[in-house]
Amino acid sequence: MTSQIASARAHTNIALIKYWGKKDQQLMLPMNGSLSLTLDHFYTDTTVEFNSIYTEDTFYLDQKKIETTKITPFLDLVRQMNPQVGFARIYSSNHVPNAAGLASSASAFAALALAASTAAGLNLTRRELSRLARRGSGSATRSIYGGFVEWQPGTSDLDSYAIPIDEKVDWDIEMLAVIIDRQQKKISSRTGMQRVVTTSPYYPAWITSTNQDLSAAIQAVKEHNLQLLGQLAESNALRMHALNLSARPPFSYFEPASLVAMEIIEKLRSEGICCYYTLDAGPNVKVICSKAESPQIIRALSTAFTPEQIVEAFPGPGVKLIEC
Ligand code: DP6
């Protein structure tokens with residue numbers, strides 16, 4: 001019996017300029033580039049053990065055995081790189097305060113990419129890890145790095161990967177997550193984004209405007225311009241959600257409470273507080289703001305949400321190996 005084992009931790013990331021559509025579904029190549037912030041609070045720990053006695057891949061999430069069709073094709077990519085390794089057992093745990101509904105495929109596949117490739121004896125560079133993580137879930141491409149991260153769309157498997165824009169983040173920015181629903185998404189991001197690509201008449205405008213947003217947002221990060229970054233992130237998110245409303249059949253991730261949170265943020269802004277929101281493929285609202293102003297924002301959100309629904313998060317690190 002030969003056993004090879006490794007464990008890794010990856011943090012989730014929230015896109016400020018969104019990835020919403022693939023040009024190649026098999027290689028997971030995105031239609032446009034995106035920009036995200038990796039968060040400290042939410043992460044996944046994953047252990048992979050390849051063992052010659054195993055006869056199939058088995059996946060345990062938070063100690064429960066999960067049937068999924070996503071793990072084996074992903075591990076097959078690792079086995080292509082090292083055909084010596086056989087089947088694996090994978091143990092993952094999500095560390096998300098209060099089961100916040102923010103566990104994501106981004107941290108899951110970034111942690112799996114590092115743990116599986118290390119257990120297989122491969123010593124991949126971060127660029128190679130980013131390309132590998134991409135094959136599990138697009139947003140995982142960016143969770144290889146900490147801080148602000150750009151995913152360059154590329155034209156092939158070789159040149160579609162993330163690069164760090166500002167890994168250390170030594171300026172005043174935080175994110176407040178307003179937890180509105182802990183349930184599974186109504187429509188998975190994979191299905192939703194493909195539907196807009198094929199049916200929304202606005203999709204070409206999304207590409208043009210997102211490319212402009214991306215260059216401006218990268219510049220805003222470099223200049224530590226929170227206000228401009230927030231403005232760009234909010235309008236980019238609203239355009240992504242507008243695409244969903246313009247798809248056939250239309251769909252939306254907003255819940256009534258999402259609109260309540262958005263209105264609170266807009267009102268705070270009219271009072272001179274620098275805060276902006278973004279939403280992904282679900283109803284939770286994430287607020288971009290400064291640490292200096294977050295107490296006031298939390299107070300305003302507390303008029304409509306419980307303390308358990310408001311979670312503070314700060315810039316977090318990239319993927320790393322941990323003790324098994
Ligand atoms: C709205 O990465 O979950 O969060 O690549 O199909 O696994 P797949 O989709 P996923 O989509 C993320 C969409 C988003 C925007 C973003 O993270 O850029």
Side-chain angles (χ1 to χ4, degrees), residues 10-39 42 44 68-71 73-74 77 94 101-113 130-145 148-154 157 160-162 165 175 177 181 184-198 200 203 206-207 210-211 213-214 217-218 232-245 247 251-254 258 277-286 288:
H11 292 251
T12 193
N13 70 75
I14 300 295
L16 300 173
I17 304 300
K18 310 287 185 194
Y19 142 59
W20 200 237
K22 296 179 182 64
K23 59 186 173 212
D24 185 320
Q25 295 185 73
Q26 211 242 326
L27 290 175
M28 309 279 280
L29 304 180
M31 285 283 202
N32 58 273
S34 53
L35 177 77
S36 61
L37 180 61
T38 302
L39 299 181
F42 315 114
T44 303
T68 161
T69 52
K70 289 188 177 169
I71 297 281
F74 186 82
L77 298 170
N94 278 327
L102 290 176
S104 83
S105 54
S107 53
F109 279 101
L112 184 60
S130 178
R131 286 174 44 218
L132 175 60
R134 189 194 78 232
R135 302 293 293 274
S137 182
S139 49
T141 312
R142 300 181 305 238
S143 269
I144 299 304
Y145 296 99
F148 289 99
V149 185
E150 178 191 359
W151 175 12
Q152 305 186 322
D157 172 46
S160 183
Y161 49 77
I165 296 294
M175 209 171 253
D181 195 345
Q184 283 267 319
K185 298 166 190 170
K186 281 186 281 193
I187 301 179
S188 73
S189 22
R190 199 156 292 187
T191 307
M193 67 172 81
Q194 206 44 38
R195 190 182 297 170
V196 303
V197 170
T198 50
S200 171
Y203 201 77
W206 160 259
I207 296 295
T210 297
N211 287 339
D213 288 347
L214 182 60
I218 290 171
L232 290 162
E234 189 176 290
S235 66
N236 184 262
L238 287 174
R239 261 184 272 118
M240 174 194 130
H241 290 275
L243 277 183
N244 302 342
L245 294 175
F251 60 101
S252 168
Y253 294 108
F254 291 0
S258 315
Y277 55 76
T278 184
L279 291 90
D280 291 294
N284 299 331
V285 175
K286 294 105 185 183
I288 303 141

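Ligands are counted one by one from 1 in listed order, and the atoms in each one are counted from 1 as well. The chain is numbered in sequence order, starting from 1.
- Of the listed options Thr278, Asn32, Thr12, Asp280, Asp280 places a heavy atom closest to atom 4 (O) of ligand 1.
- Nearest-heavy-atom check against atom 3 (O) of ligand 1 across Ala281, Ala15, Pro30, Ser189 picks out Ser189.
- Here atom 8 (P) of ligand 1 lies nearest to Arg190 when heavy atoms of Arg134, Gln25, Arg190 are compared.
- For atom 6 (O) of ligand 1, the nearest non-hydrogen atom from the set Met193, Lys22, Met28 comes from Lys22.
- Between His241 and Phe254, the ring-plane angle classifies as tilted under the 30° and 60° cut-offs.
- Among Asp181, Ile187, Leu279, the single residue meeting the side-chain contact (heavy atoms from CB on, under 4.5 Å) criterion with Tyr253 is Ile187.
- Counting heavy atoms only, Arg142 comes closest to atom 17 (O) of ligand 1 of the residues Arg142, Lys18, Arg135.
- Listed by number with element, the atoms of ligand 1 under 4.0 angstrom from any heavy atom of Gly138 are 2 (O), 5 (O), 7 (O), 8 (P).
- In this structure, Ala140 and Phe109 approach most closely via the heavy-atom pair CB-CB, 3.6 Å.
- Residue Ser139 has at least one heavy-atom neighbour below 4.0 Å for each of these atoms of ligand 1: 2 (O), 3 (O), 10 (P), 17 (O).
- At least one side-chain heavy atom of Arg135 sits under 4.5 Å from a side-chain heavy atom of Leu27.
- Remark: Glu234 pairs with Arg269 by the salt bridge (Lys or Arg N to Asp or Glu O under 4.0 Å) rule, at least two apart or across chains.
- The salt bridge (charged side-chain N to carboxylate O under 4.0 Å, His left out) contacts involving residues 10-19 comprise Lys18-Asp280, where partners must be two or more places apart or lie in separate chains.
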